[in-house]
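Before any comments, here is the structure.
Being a predicted model, the structure only gives us computed values, none of them experimental. Indexing begins at 1, ligand by ligand and atom by atom, following the structure's order.
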Amino acid sequence: RLLLRCSSALPLPPGPFNFPILGSLPLIGPKHHSGLARLSRRFGPIMYLKMGMRNAIVVSSPSAARIFLKTLDSHFSSRPQGIISKALAYDGRDMVFADYGLNWKLLRRISSLHLLGPKAMAGWADVRRDEVSRMLLSIRSLGESHKAVVLPNLLVRTMANVIGRIALSQRVFDEEGKEAKDFKEMVMELLVGTGTSNMGDLVPALRWLDPLGTRKKMWRIHDRFDVMLTRLLAKHAATAWERQGKPDFLDLLAADGAAGRDEEHISEETIKAFIADLFVAGTDTSAIVIEWAMAEMLRKPSILRRAQEEIEGVVGRHRLLEESDIPNLPYLQAICKETLRLHPPTPLSIPHFASEPCEAGGYRIPGKSWLLVNIWAIGRDADLWTNPLEFDPERFLSGEMARVEPNGSDFELIPFGAGRRMCAGKQMGMVMMQYSLGSLVHSFDWSLQEGAGEIDMEERPGLVLPKAVPLSALATPRLATTAYAAV
Ligand code: HEM
């Protein structure tokens, strides 16, 4: 209570010059995560600036992140409303972009119970095994015909099929992959054009003028998504009899919603919004981080070899990796943490919002402020990390940082955020990352195509941060043939 009392005598946090209308945007540049990291080195870990005409607090150190995501967590638990919550999330009826309130609490509770919590996750292990095995078979047949594997496309297909099967008992994409590629492009367009870069959200006067066509584009994507979701839901309803006695998540969500109190009623739009959330929040994030890990290892083959040796020591060459092997693979776990440190898929997290003013860290925080947590900057801070730009999994095996876990309590590494809005799919993201990456590394030798040159490590900025150039590589099977056939 004391903390929330806000004295107007307190100063605003330090920050750069704000131009009329555009605020600090011209100083930040097009890559918001790195532009803001540069400014915070000058102005400090709690920074105030205007993104367009919006108040923004940018947080760039573990102790500052702790203040906002732990001490003041309940105060900053909403989301700013903008085109993405309108177009994608059916006007904030989903979980990711919803204001903090009853609908959000209900979705969070039900999804933890039936879909994303540890017990629910254990129940879907066979689905993950089947989809990862199918991915490995696709890669093996590409390898046999000496064709390069475009990793992000395959990974997105795998993630989307896992989510499709556990949420609505449907494989969303077939092995041909054409639809998966279109879907990936749709999700990418959505995530790259939003976040902190949509001018209509930052400068309200531009919303109707829509100078970059973002608004129109978002609604076009909404329509395409809606067609896909309507088709999936219709098929789900038509096959209800097949699931008698073995309900999937959507059956349980509908049942819980129907049994809820009046104010907890789950509408069809909420269902669509939440299924869209799962596909958008759950497919690209996991795929991006695995692609970055593979890119880093292809640049440093000694790390790839050491990971292969570790897995081979536990699994051998006569069977595929299982999720249950992961606790015995500390080097693989360290590679995953190191990738999340250097390449967090959502570099500025997802913006939080506080409508009321408050006091934080000795500063006055104005009302209606966006909160941006620069996860990317914290992961690359030279005061925290030795040789921060070097990909070195070893740092998580011995030394001071070996204790750090990405679970929301060690603020040096918060790729999933922290506090009550922390990633609802953290466990699934972690498991899919460790299991898929471990399987790729164990099952194949990887090399670049002849004449490919250096791997381009450029980032493509947006709400998520994928590789600008999709990673394409040659895979040579390294396990006994029967291991793949045992799918
Ligand atoms: C490596 C993979 C992933 C990473 C790094 C990641 C990261 C994040 C981050 C940073 C947030 C925002 C936290 C905040 O606002 O403080 C978030 C939110 C969310 N994520 Fe993830 N995520 C991943 C995978 C997944 C998966 C697999 C799912 C589900 C299938 C998922 C579902 C969600 C949802 C529903 C939210 C919104 C939570 C809320 O607003 O209450 N994520 N994620």
Would Ser267 and Thr270 count as having a side-chain donor-acceptor pair, cut-off 3.5 Å? yes

Keeping to residues at least two apart or across chains, list the side chain to side chain donor-acceptor pair (under 3.5 Å) pairs with something in residues 413-440. Asp73-Arg420, Tyr100-Arg420

Salt bridge check, Glu131 against Arg165: does any charged N sit closer than 4.0 Å to a carboxylate O? yes

Nearest-neighbour protein heavy atom for atom 13 (C) of ligand 1, which is reported as residue plus atom name and distance: Arg421 O, 3.2 Å

Measure from atom 11 (C) of ligand 1 to every heavy atom in Leu115, Val162, Asp94, Ile350 and give the option owning the shortest one. Ile350

Which segment of Trp104 sits under 4.0 Å of ligand 1 when only heavy atoms are counted: side chain

Answer yes if the side chains of His343 and Glu291 hold a donor-acceptor pair under 3.5 Å, and no otherwise. no

Subset of ligand 1 atoms that lie under 4.0 Å from at least one heavy atom of Arg108: 38 (C), 39 (C), 41 (O)

Go through the side-chain N and O atoms of Ser138 and Arg157 and say whether any donor and acceptor fall under 3.5 Å apart. yes

Atom NZ of Lys300 with >12 non-hydrogen neighbours under 6.0 angstrom: yes

Does even one non-hydrogen atom of Asp277 get within less than 4.0 Å of ligand 1? no

For Ala424, which residues count as a side-chain contact (heavy atoms from CB on, under 4.5 Å) partner, sequence neighbours excluded? Met95, Arg108, Leu116

Tell me yes or no: between the side chains of Glu459 and Trp292, is some donor less than 3.5 Å from an acceptor? no

Under 4.0 Å to a heavy atom of Ser349 - the qualifying atoms of ligand 1, by number: 10 (C), 12 (C), 13 (C), 14 (C), 15 (O), 16 (O)

Please work out whether any backbone atom (N, CA, C, O) or any side-chain heavy atom from C-beta onward of His352 is under 4.0 Å from ligand 1, and answer side chain, backbone, both or neither. side chain

Partner set under side-chain contact (heavy atoms from CB on, under 4.5 Å) for Pro345, not counting sequence neighbours: Thr285, Ile288, Val289, Leu340

Subset of ligand 1 atoms that lie under 4.0 Å from at least one heavy atom of Pro345: 5 (C)

Under 4.0 Å between a Lys/Arg side-chain N and an Asp/Glu carboxylate O for Glu323 and Arg128? yes

Atoms of type N, O or S from the protein that sit nearer than 2.8 Å to atom 21 (Fe) of ligand 1 number exactly 1

Proximity flag Arg79 to ligand 1, non-hydrogen atoms under 4.0 Å: yes

So is Met95 in contact with ligand 1, going by heavy-atom distances below 4.0 Å? yes

Check for a donor-acceptor pair, side chain of Asp456 on one end and backbone N or O of Glu458 on the other, with a separation under 3.5 Å. yes

Students should be able to answer this: which protein heavy-atom is nearest to atom 7 (C) of ligand 1, and at what distance? Pro415 O, 3.4 Å

